[in-house]
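Quick caveat, the model's predicted, so the values are computed rather than measured.
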Amino acid sequence: MTTVFRVVTLAVLLAMVTGCARYAVTDYDSNAGFDRYSSYRFAERDENAIQGLDAARIERALEQALTGEGFTRADVEPDVLVRYRIEDEVRTESRGPSLGLGFGFGRSPFTFGVAHSPVQTREIREGQLVVEMVDPTIDQVVWEGRGRRYLSENQDREERTKLIDQVIEAMFEQYPPQP
């Protein structure tokens with residue numbers, strides 16, 4: 001009975017670990033004193049740019065993550081500037097060639113057929129969310145998080161918000177960096 005319990009426990013733990021796959025990776029400046037950073041402000045955007053709905057979702061998720069890490073928002077002289085962007089990437093996926101064999105019965109007592117398809121390629125456009133913390137005193141990036149999840153136009157508002165929250169939460173699970 002204990003063996004069955006151990007196997008079931010191991011399976012549940014394995015499912016939990018694979019279910020919590022990392023959506024993000026981070027990098028940081030090992031010379032930065034992260035204990036000094038306690039206030040933030042979002043970096044200035046282009047004044048002609050209109051903020052989209054996903055940008056507003058990203059900012060809300062960042063505010064929540066930064067507050068959870070002990071940051072406070074400061075409009076004047078923040079310790080770090082937070083900036084974000086979505087980098088578009090195009091990757092090519094190819095399949096093929098494929099070959100199929102078939103047997104069957106038709107007019108003759110026994111038939112045989114061969115079919116093939118050419119190599120198929122398609123371009124897939126993906127976006128990667130990049131979040132950077134910039135130390136304004138040295139004008140240098142001190143921390144960076146990169147996350148990728150698939151957002152499509154078919155997703156509803158709640159689903160898009162959930163995916164953005166997951167990516168940013170995964171980024172800040174690794175903050176502050178442990179050298």
Side-chain angles (χ1 to χ4, degrees), residues 12-93 122-179:
V12 168
L13 288 173
L14 184 61
M16 287 171 54
V17 168
T18 56
C20 301
R22 286 180 57 181
Y23 302 127
V25 295
T26 60
D27 194 7
Y28 63 94
D29 180 353
S30 59
N31 296 323
F34 288 94
D35 55 336
R36 296 182 300 121
Y37 303 137
S38 62
S39 63
Y40 76 96
R41 176 173 57 88
F42 287 109
E44 299 293 325
R45 287 189 292 273
D46 180 11
E47 62 188 44
N48 296 328
I50 297 173
Q51 182 170 342
L53 294 172
D54 283 338
R57 291 179 182 109
I58 291 168
E59 284 191 13
R60 278 194 298 274
L62 283 170
E63 285 175 351
Q64 185 175 9
L66 289 164
T67 301
E69 293 297 334
F71 281 83
T72 56
R73 192 166 182 165
D75 292 329
V76 180
E77 296 187 28
D79 297 327
V80 292
L81 296 174
V82 177
R83 63 185 184 196
Y84 60 91
R85 66 184 177 280
I86 296 176
E87 293 179 350
D88 285 331
E89 293 182 359
V90 177
R91 69 179 171 90
T92 304
E93 186 177 272
R122 66 180 181 150
E123 287 186 347
I124 299 173
R125 183 172 296 274
E126 292 182 331
Q128 177 173 240
L129 175 62
V130 179
V131 176
E132 296 173 328
M133 289 186 177
V134 178
D135 186 329
T137 60
I138 58 174
D139 198 28
Q140 183 176 339
V141 174
V142 293
W143 183 88
E144 177 183 78
R146 291 178 171 267
R148 177 178 298 158
R149 290 293 311 264
Y150 181 69
L151 286 177
S152 72
E153 289 78 28
N154 317 12
Q155 293 170 327
D156 63 14
R157 168 174 51 92
E158 289 84 16
E159 198 171 357
R160 293 177 80 80
T161 301
K162 182 179 175 183
L163 287 175
I164 289 169
D165 289 348
Q166 286 176 342
V167 169
I168 291 174
E169 182 180 314
M171 284 180 195
F172 282 91
E173 283 176 357
Q174 303 168 54
Y175 187 90
Q178 303 298 321

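- Two residues are said to be in side-chain contact when any heavy atoms from C-beta on lie closer than 4.5 Å; Tyr84 and Val130 fail this criterion.
- Across every non-hydrogen atom of Phe71 and Met133, the tightest pair is CZ-CE, 4.1 Å.
- The minimum heavy-atom distance linking Arg41 with Ala74 is given by the pair CB-O, 3.2 Å.
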Dump the intermediate steps for side chain to side chain contact (heavy atoms under 4.5 Å, CB included) on Asp139 and Val134, then the final yes or no. CA-CA 6 Å; Asp139 198 28; Val134 178; 4.2 Å; yes
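- The number of heavy-atom neighbours closer than 6.0 Å to CD of Glu77, taken from other residues, nucleotides and ligands shown, is 12 or below.
- Separation of atoms CG (Asn31) and CD (Gln140) is listed at 8.5 Å; rounding is to 0.5 Å.
- Considering every non-hydrogen atom in both Trp143 and Gln174, the closest pair reads NE1-O, 4.4 Å.
- In this structure, the side chain of Gln178 engages the main chain of Pro176 through a donor-acceptor pair within 3.5 Å.
- Atom CG of residue Leu129 and atom CD1 of residue Ile58 lie 5.0 Å apart, to the nearest 0.5 angstrom.
- Minimum interatomic distance between Val167 and Gly147 (heavy atoms only, all atoms of both residues): CG1-CA, 3.7 Å.
- Taking CZ of Arg160 as the start and CG of Leu163 as the end, the distance is 8.5 Å to the nearest 0.5 Å.
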Please lay out, stage by stage, how Arg157 and Leu53 fare under the test side chain to side chain contact (heavy atoms under 4.5 Å, CB included). CA-CA 9 Å; Arg157 168 174 51 92; Leu53 294 172; over 6 Å; no
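- Between Glu63 and Tyr40, the side chains place no donor N or O within less than 3.5 Å of an acceptor N or O (distance only, hydrogens not considered).
- Taking the charged nitrogens against the carboxylate oxygens, Glu144 and Arg146 do have a contact shorter than 4.0 Å, which makes a salt bridge.
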Verdict with supporting geometry, Val82 and Leu62, side chain to side chain contact (heavy atoms under 4.5 Å, CB included): CA-CA 9 Å; Val82 177; Leu62 283 170; 4.2 Å; yes
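- Side chains of Arg83 and Val131 form no contact here, defined as non-hydrogen atoms less than 4.5 Å apart.
- In this structure a side-chain-to-backbone donor-acceptor pair under 3.5 Å is missing from Thr26 to Met171.
- Contacts of Phe34 classified as ring pair (Phe, Tyr, Trp, His ring centres under 6.0 Å), with partners at least two apart in sequence or in another chain: Tyr37, Tyr175.
- Counting non-hydrogen atoms of neighbouring residues, nucleotides and ligands closer than 6.0 angstrom, the CD atom of Gln64 reaches no more than 12 such neighbours.
- Of the charged side-chain nitrogens involved, none lies within less than 4.0 Å of a carboxylate oxygen, so that Asp165 and Arg60 do not count as a salt-bridged pair.
- Under the 3.5 Å distance criterion, the side-chain polar atoms of Asp79 are matched with a main-chain donor or acceptor of Ser39.
- Here the closest heavy-atom approach between residue Ala61 and residue Ile168 is recorded as CB-CD1, 3.6 Å.
- Salt bridge status for Asp54 with Arg57: present, with a side-chain N to carboxylate O gap under 4.0 Å.
- Taking the charged nitrogens against the carboxylate oxygens, Arg85 and Glu132 do have a contact shorter than 4.0 Å, which makes a salt bridge.
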